Amino acid sequence: MKQAMIKPAEYARRRENLLQMIGPGSVVLLQAASEKTRNSDVLYPYRQDSDFLYMSGFSEPKAVLVLVAGASGNRSLLFCRPADPDRAIWDGPRAGLEGALADFGMDESFDIAELDKRLPALMEAAEKVYYKVGSEPEFDRQIMRWMHQLHDTKDAHIPQELVSLEHDLHELRLFKSKAEVKAMRKAAKVAAKAHIEAMKAAPTATNEAELQAELFMVFYRNHCPWSYQPIVGAGDNGCVLHYIDNNMSIKQGDLILIDAGCECEGYASDITRTFPANGHFSAEQKALYELVLKSQLAAIEEIRPGKQWLDAHRVVVDIITAGLVELGLLEGELDELIDAEAYKEFYMHKTGHWLGLDVHDVGDYTIDGESRQLEPGMVLTVEPGLYIAPDCELVEPRWRGIGIRIEDDVLVTREGCEVLSKDAPKSVKEIEALMQGK
Ligand code: GLY
Ligand code: MN
Ligand code: MN
């Protein structure tokens, strides 16, 4: 089997870091994601809960991770399904209780069937129980049942507090280690290659589905499943922000917007490129594309330690608004248009988000009401766009139905930033050359 990029020692370090943050006298409970039925006996592809994955590296369902920060040291316990030779015939092998110790660095492992029997005693030893309060109704109820059990037991110690786990855990997840960056670099590299293959296939493709197939071919050949359902929008569909049907005809003269990324060891890439179906930008497409690109390059310049998360968005808003005035899509005084958020008719989302185990990754964006300062190890997307609705009466018909977004994945470094997705071409010249086979 291929060596994992994130080693068991790193998972152990994460557990230690979390327990250091929350202090002794605490117990942490994390539940694996449950399997979801798609239809009849068919399940959706299983994806582990990102918090659970971050703390354990364990990708099976029906498991609960228990971290105990006790006076005499910290312990990691995994409740999971035992190995079962009969089930292995149908579903393949499980890590089992032995694997939990040997491969996942747990101090103890137990059959998940023993959860009810053992959990109240583990909670009894703690003053604070940390878990994702309110996120899974059945787990909330289960924890309350264990609390009731303790109340009903003579002389039992009752934990004083049930505390929401997310804030501390998500603060850890926001800062990526070297190994996490390596995984994200690979996810970005593979996704960039997928975008290149889709661009090359576009001139002879007749339907969006064919380009989605090109993306999946690259993802799965590289053992990187998709990190979210891709958007492959030709023509007007490029203006639908969450378009995922990806099954319409591609017409001569269409722009095609592809927003697609994949996962490496659970870490996502999230890349958007927009290109002309036939390999030649029309005058209007080019004018708007160059404007979005100008704003994106300027926004990437804003990504460095000490800058605020919102600075990139502010720069994009300034450049996009000025550009729209210059091209005649907006009329008025620049400052007044920015204050009135006139650009929102054509640019209605923010310029990016944290990226990691989740595509829209965890972590606070503001601290004490102020936009958060960027620090080394954070990864975020930079993704301005322009979407001129096909029925927009505010602009001349020649601009209508043009949807453009350019999205890169950017790591904040000590010196500035690194664009992880830089392999995906984005200048007009590069895109046209690639698509025309030059
Ligand atoms: N692909 C989701 C996003 O760009 O936010
Ligand atoms: Mn994004
Ligand atoms: Mn995206």
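For ligands, and for the atoms within them, numbers begin at 1 and follow the listed sequence. None of these values were measured; they are calculated from a predicted model.
Every residue meeting the side-chain contact (heavy atoms from CB on, under 4.5 Å) condition with A201, not counting sequence neighbours, appears here in chain and number order: L211, E214.
Checking side-chain atoms of R414 against main-chain N and O of P376 turns up no donor-acceptor pair under 3.5 Å. Proximity of a side-chain donor or acceptor of D409 to a complementary backbone N or O of D270 within less than 3.5 Å is detected. Listed for the E60 side chain is no donor-acceptor partner under 3.5 Å among the backbone atoms of R81.
Classification of the H313-Y343 ring pair by plane angle, with boundaries at 30° and 60°, yields perpendicular. Using the six-membered ring where Trp is involved, F281 and Y289 have ring planes that are tilted, between 30° and 60° apart.
Residue side and main chain included, H360 places no N/O/S atom under 2.8 Å of the Mn ion (ligand 2).
Excluding waters, the count of protein N/O/S atoms less than 2.8 Å from the Mn ion (ligand 3) comes to 4.
Among residues at least two apart or in separate chains, there is no salt bridge (charged side-chain N to carboxylate O under 4.0 Å, His left out) pair with a member in residues 429-438.
The contact shell of ligand 1, taken as protein residues with any non-hydrogen atom closer than 4.0 angstrom, comprises Y228, D259, D270, H353, H360, E383, E407.
At a cut-off of 3.5 Å, with distance as the only test, a side-chain donor of S177 or E10 sits close to an acceptor on the other residue.
Remark: aromatic rings of H242 and Y228 are distant, center separation not under 6.0 Å.
Residue E301 places its CD atom among 12 or fewer non-hydrogen atoms of other residues, nucleotides or ligands, all under 6.0 Å distant.
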